[in-house]
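The block underneath contains the structure these notes are about, expressed in structure tokens.
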Amino acid sequence: MHIITTRESLKEYLKIQSELGISIGFVPTMGALHEGHLELIKKAKIENDKVVCSIFVNSLQFNNQEDFDKYPITIESDENKLVSEGCDVLFLPTRKEVFVEEPNLDYDFGQMAEVMEGEYRPGHFLGMAAVVEAFFNLIKPTRSYFGEKDYQQLAIVKKLVKEKKISTDIIACATVRNSKGLALSSRNLRLTKQEVLVASELYQAMSYCKENKQLQPNELISQTIEKLKSNFDIEYFVIADENSLKPIDKWAETDVPRAFVAANLSGVRLIDNMSLID
Ligand code: AMP
């Protein structure tokens, strides 16, 4: 695996690949890699000639300094995992290599970016879009891989690509969970064993909504919040249409409902989502 830290060296590598007509699968990450990330790498490996994975903890998308400071960094083990998956390039840039100029962050994703994460993490999607767009422009990947774990991010990246006419196919990958249903996340490294068990209540809560659609969304939401609030500091529990991300109070045939949650457990912020369609 090539480990590349500068945009110039990456461009050189990519120029050779492009002359050979080789397809590039791109997997952007913030590191502390787990099976969820590796599923993206595996899929990219199957569908492309070469796979580029980036690890860059993007300060622009953190609205909470403590969350940024405590973000786990495990580069050595990340490298080993990527080698085992047959990843071709690990791009490990500094901020200066990602942004040649300071990004101006003048995106407008409309209502889609104002709800849920957009409401609770002001500026998060602007910072995320800036780094993803910078990577797309530099790497020009044939296909780019994003997890449904960050469903709202995935929706906004699709919108970014469409609006800016960026030529890469966005490939969505299903959320990878542990045996109790907890979505794998780099932040789970900050939970104790006991807390990891408690954290799976988020999965159970969304499953309850899926299995009890005889109740209206607003009833499901209030019951769920009531159940979760003894263990979690809940930021939101929302049922929304998965295309528009508009919250749903009452079932309607035109909506494709999905549950979305953000909750803090012992100071660790967890997010998850689940389709409510069988
Ligand atoms: P992150 O390193 O958290 O920025 O995540 C990098 C990519 O991996 C994003 O597209 C995430 O949605 C995806 N990802 C993170 N956790 C999971 C998971 N448990 N299952 C599937 N994809 C994931």
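Bear in mind the structure is a predicted one, so any value in this text is a computation, not a measurement. Both ligands and their constituent atoms are indexed starting at 1 by order of listing.
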Any donor-acceptor pair under 3.5 Å linking the side chain of [X] with the backbone of [Y]?
{"X": "E12", "Y": "S9", "result": "no"}
{"X": "N212", "Y": "L220", "result": "no"}
{"X": "H34", "Y": "G36", "result": "yes"}

Every residue of the protein that comes under 4.0 Å of ligand 1, judged on heavy atoms: P28, T29, M30, H34, G36, H37, L40, Y71, F146, G147, K149, D150, Q153, A174, T175, V176, L184
Should the ring pair Y236 and Y120 be called parallel, tilted or perpendicular, given that the plane angle runs from 0 to 90° and is split at 30 and 60? tilted
Quick one: does NZ or CZ of K180 land under 6.0 Å from the six-membered ring centre of Y203, within 45 degrees of the ring axis? no
Any chance you could measure T224, atom OG1, to E219, atom CD, to the nearest 0.5 Å? 11.0 Å
